[in-house]
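A quick write-up on the structure given underneath.
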Amino acid sequence: MSKMRGRVLIPLPNTGAMGRKRNNFYMRSIFILALCIFGLLQYHNFNYLDSRDAMLSESVTNDSVDAIMSMVPATLHKYLTPHTRNHSVSSAGVQLNSSGSAMVGSGSGSSTTISFEVYRPPNNTEIKRQIARYNEMQLVLNEETFGPLQNDSVIIVVQVHTRINYLRHLIVSLAQARDISKSLLIFSHDFYDDDINDLVQQIDFCKVLQIFYPYSIQTHPHEYPGVDPNDCPRNIKKEQALISNCNNALYPDLYGHYREAKFTQTKHHWWWKANRVFNELEVTRFHTGLVLFLEEDHYVAEDFLYLLAMMQQRTKDLCPQCNILSLGTYLKTFNYYTYHSKVESMPWISSKHNMGFAFNRTTWTSIRRCARHFCSYDDYNWDWSLQHVSQQCLQRKLHAMIVKGPRVFHIGECGVHHKNNNCESNQVISKVQHVLRIARNSHQLFPRSLMMTVPSLIKKSKLRKGNGGWGDLRDHELCLNMTLPRR
């Protein structure tokens with residue numbers, strides 16, 4: 001014990017090691033804390049933008065007409081406002097007599113007759129005459145304002161049937177797109193309607209051309225390619241069809257069903273339209289740029305042309321094998337914060353990439369050489385037929401560059417395949433407007449660059465038999481005849 005008391009404790013020299021360890025620990029802690037705070041702030045900011053827009057949209061019923069109109073610039077309301085073709089007299093006591101005159105009563109008991117012509121839709125003969133006139137004239141509206149089409153400008157082709165309400169919103173979205181004035185907007189109709197014509201012909205923001213599919217059900221209601229009275233019913237058995245000697249008894253589809261004109265028309269129209277635009281119109285004779293395909297129930301973002309041009313410029317270095325550019329994807333949910341500048345590439349798939357896609361004359365020429373594959377494939381869908389062409393005929397398969405944050409949206413609730421109770425519902429239109437407002441307010445549109453991402457594992461698309469509905473040899477022959485050179 002005495003020895004222990006006599007020992008002198010000598011302090012170790014202070015080398016600073018412990019202090020440095022403490023300092024490093026503190027610095028790491030501060031850095032991690034700062035990262036956490038930054039992440040929380042970013043998360044809060046994104047949620048704030050979403051919730052702020054949600055609160056703004058909830059102040060008015062999302063799918064109300066007032067809410068939708070409030071999202072559209074006042075100068076474009078004219079495209080959303082229906083106009084009657086009948087003249088009217090704004091006075092009480094107006095009566096219409098059988099000759100189309102209005103009897104306006106006065107206080108003295110006498111009446112004043114004001115003559116005006118009540119609108120009567122054109123009959124079938126007049127419709128055929130008008131269609132032939134339009135297709136022969138090939139009149140480009142607004143050309144004196146915006147100048148002739150440049151060979152490398154974008155041509156936008158819209159396939160139109162009868163859904164004018166959706167078409168109105170498509171036109172409004174096109175009107176707000178940057179550089180739309182440089183494009184040629186072609187409307188391809190399979191139904192002649194004066195109200196639709198009036199709507200299209202009042203477009204004043206770019207060059208416009210109307211073309212009319214001449215083999216429609218409307219113009220051939222009781223004969224092929226419409227519904228001939230002696231055509232075989234869809235579900236009749238082939239043995240019964242042969243006994244009844246109906247027109248197409250020998251040619252049911254691969255499921256044993258006979259053609260339905262309302263389904264075959266869409267494929268015929270698409271093929272005629274593509275041939276017409278690339279190979280028959282004078283205005284497109286020397287065109288070498290992209291042709292973008294839309295439908296009447298699509299809606300575009302204001303930067304869709306900007307992004308399409310950027311994708312075209314980057315094709316050589318990002319995706320040399322790509323020969324189709326796709327602006328629309330079918331996503332249940334998506335986030336512009338994540339996807340706004342990202343693209344991916346994969347083989348073109350009809351069910352995923354058939355909305356808002358573009359290709360040039362080189363790609364079309366390859367497709368057109370495979371006309372027999374397109375026209376004889378037993379599937380009434382033009383997009384499945386195009387995929388069949390890619391898999392079975394093209395040396396260079398269709399390969400797409402797809403934008404992950406879509407710039408083309410599908411707003412149609414009803415159509416060939418879908419029927420809802422309310423076919424004029426504005427709910428989807430309102431949602432798309434809301435999504436684009438968030439993207440605009442958070443500066444997610446008009447990206448400065450594109451980033452190619454590696455797609456998730458893609459299952460190899462199997463060769464499959466068609467959906468049927470295209471077994472009739474008359475359809476094969478009509479389709480092939482549309483491919484014959486006419487210019």
Problem - 4.5 Å side-chain heavy-atom contact, H434 and I438 - result: yes
Problem - Side chain Q444, main chain S442, donor-acceptor under 3.5 Å - result: yes
Handout entry: Interatomic distance, M482 atom CE to C375 atom SG [nearest 0.5 angstrom]
Key = 8.0 Å
Exercise for the section: Kindly say whether C232 contributes a backbone atom to a donor-acceptor pair with the side chain of N248 at under 3.5 angstrom? Expected result: yes
Exercise for the section: Indicate yes or no: at least one non-hydrogen side-chain atom of Y213 is less than 4.5 angstrom from one of Q265. Expected result: yes
Problem - Residues that D193 engages under salt bridge (Lys or Arg N to Asp or Glu O under 4.0 Å), provided they are two or more places apart - result: none
Problem - Side-chain (D379) to main-chain (W384) donor-acceptor, under 3.5 angstrom - result: no
Practice task
Just do the side-chain hydrogen bond (donor to acceptor under 3.5 Å, both in side chains) check on T362 and T365 with the steps written out, would you?
Solution key: CA-CA 5 Å; T362 301; T365 301; over 6 Å; no
Handout entry: Contact summary for M355 and V408, nearest pair of heavy atoms
Key = CE-O, 3.7 Å
Exercise for the section: For the residue pair V343 and T453, establish whether any side-chain heavy-atom pair is separated by less than 4.5 Å. Expected result: no
Practice task
Please confirm whether the backbone N or O of L307 pairs with a side-chain atom of D303, one donor and one acceptor, at under 3.5 Å?
Solution key: no
Handout entry: Interatomic spacing from OG1 in T315 to CD in Q312 - rounded to 0.5 Å
Key = 6.5 Å
Handout entry: Lys/Arg-Asp/Glu bridge criterion (N-O < 4.0 Å) met for R407, E302
Key = no
Practice task
Using a 4.5 Å cut-off on heavy atoms from C-beta on, say whether the side chain of F205 contacts that of Q176.
Solution key: no
Handout entry: From CD (Q210) to CG (N197), nearest 0.5 Å
Key = 5.0 Å
Problem - All salt bridge (Lys or Arg N to Asp or Glu O under 4.0 Å) counterparts of D179, not counting sequence neighbours - result: K182
Problem - R396 atom CZ, over 12 foreign heavy atoms within 6.0 Å - result: yes
Problem - Close side-chain approach of F286 to Q150, heavy-atom, < 4.5 Å - result: no
Practice task
Mind running side chain to side chain contact (heavy atoms under 4.5 Å, CB included) on H161 and E295 for me, showing each step along the way?
Solution key: CA-CA 9 Å; H161 185 48; E295 296 181 17; over 6 Å; no
Exercise for the section: Show the numbers, then the answer: is there a side chain to side chain contact (heavy atoms under 4.5 Å, CB included) between Y255 and D378? Expected result: CA-CA 10 Å; Y255 299 101; D378 193 358; 5.9 Å; no
Handout entry: Over-ring placement of K267 relative to F374, 6.0 Å and 45° cut-offs
Key = yes
Exercise for the section: Determine yes or no for a side-chain-to-main-chain donor-acceptor pair under 3.5 angstrom, with Q138 supplying the side chain and E282 the backbone. Expected result: yes
Problem - D231/R474 ion pair, N-O < 4.0 Å - result: yes
Exercise for the section: Return the set of residues passing side-chain hydrogen bond (donor to acceptor under 3.5 Å, both in side chains) with N124 (not counting sequence neighbours), or none when no residue passes. Expected result: none
Problem - Face-on cation placement of R168 at Y79 ring, 6.0 Å and 45° thresholds - result: no
Practice task
State which residue, out of W270, W364, W382, fulfils the ring-ring contact (aromatic ring centres under 6.0 Å, His included) condition with F293.
Solution key: W270
Practice task
Check the surroundings of atom NE2 in H83: do more than 12 heavy atoms from other residues, nucleotides or ligands lie under 6.0 Å from it?
Solution key: yes
Exercise for the section: State, yes or no, whether a side-chain contact exists between T264 and W470 at a heavy-atom distance under 4.5 Å. Expected result: yes
Problem - With sequence neighbours excluded, residues passing side-chain hydrogen bond (donor to acceptor under 3.5 Å, both in side chains) with H268 - result: D475
Problem - Side-chain heavy atoms of L76 within contact of I171, under 4.5 Å - result: no
Problem - H353 vs M346, side chain to side chain contact (heavy atoms under 4.5 Å, CB included): CA-CA, chis, key distance, verdict - result: CA-CA 10 Å; H353 310 138; M346 63 181 68; 3.5 Å; yes
Exercise for the section: Measure from the side-chain N and O atoms of S153 to the backbone N and O of L149, and report whether any donor-acceptor pair falls under 3.5 Å. Expected result: no
Practice task
Answer yes or no: does atom NZ of K78 have more than 12 heavy-atom neighbours from other residues, nucleotides or ligands under 6.0 Å?
Solution key: yes
Fill in the blank from the handout: Taking every heavy atom of M401 against every heavy atom of M311, the minimum-distance pair comes out as O-CE, 3.3 Å
Handout entry: Sequence-distant partners of K352, salt bridge (Lys or Arg N to Asp or Glu O under 4.0 Å), two or more places apart
Key = none
Problem - Presence of salt bridge, R234 and E260, under 4.0 angstrom - result: yes
Exercise for the section: Start with the C-alpha distance between F409 and K431, add both sets of side-chain angles, then the distance that settles side chain to side chain contact (heavy atoms under 4.5 Å, CB included), and finish with yes or no. Expected result: CA-CA 10 Å; F409 301 84; K431 285 181 180 178; over 6 Å; no
Exercise for the section: Flag the pair L436 / Y299 as yes when at least one side-chain heavy-atom distance between them is below 4.5 Å, and no otherwise. Expected result: yes
Exercise for the section: Verify, without hydrogens or angle tests, whether D228 (side chain) and E223 (backbone) share a donor-acceptor contact under 3.5 angstrom. Expected result: no
Practice task
Measure from the side-chain N and O atoms of S173 to the backbone N and O of V300, and report whether any donor-acceptor pair falls under 3.5 Å.
Solution key: yes
Completion exercise
Heavy-atom nearest pair, A261 first then V227, reads CB-CG2, 4.0 Å
Exercise for the section: To the nearest 0.5 angstrom, please state how far the OG atom of S366 sits from the CG atom of N323. Expected result: 8.0 Å
Practice task
Return each pair, listed once, that meets disulfide bond (SG atoms under 2.5 Å apart) where at least one residue sits in residues 283-323; pairs must be two or more places apart or across chains.
Solution key: C319-C322
Handout entry: Distance (rounded to the nearest 0.5 Å) between H287 NE2 and L290 CG
Key = 7.5 Å
Handout entry: Main-chain N/O of Q387 paired to S350 side chain as donor or acceptor, under 3.5 Å
Key = no
Exercise for the section: Answer yes or no for R368 and F278: cation-pi contact, defined as NZ/CZ to six-membered ring centre under 6.0 Å and angle to ring axis within 45°. Expected result: no
Handout entry: Atom CD of E144: over 12 foreign heavy atoms under 6.0 Å
Key = yes
Problem - Cation over ring face, K397 and W348, 6.0 Å, 45° - result: no
Practice task
Could you grab the distance from atom CG of N279 to atom CG of L484, nearest 0.5 Å is fine?
Solution key: 11.0 Å
Exercise for the section: Could you label the plane-to-plane angle of the H388 and Y377 rings as parallel, tilted or perpendicular, counting under 30° as parallel and over 60° as perpendicular? Expected result: parallel
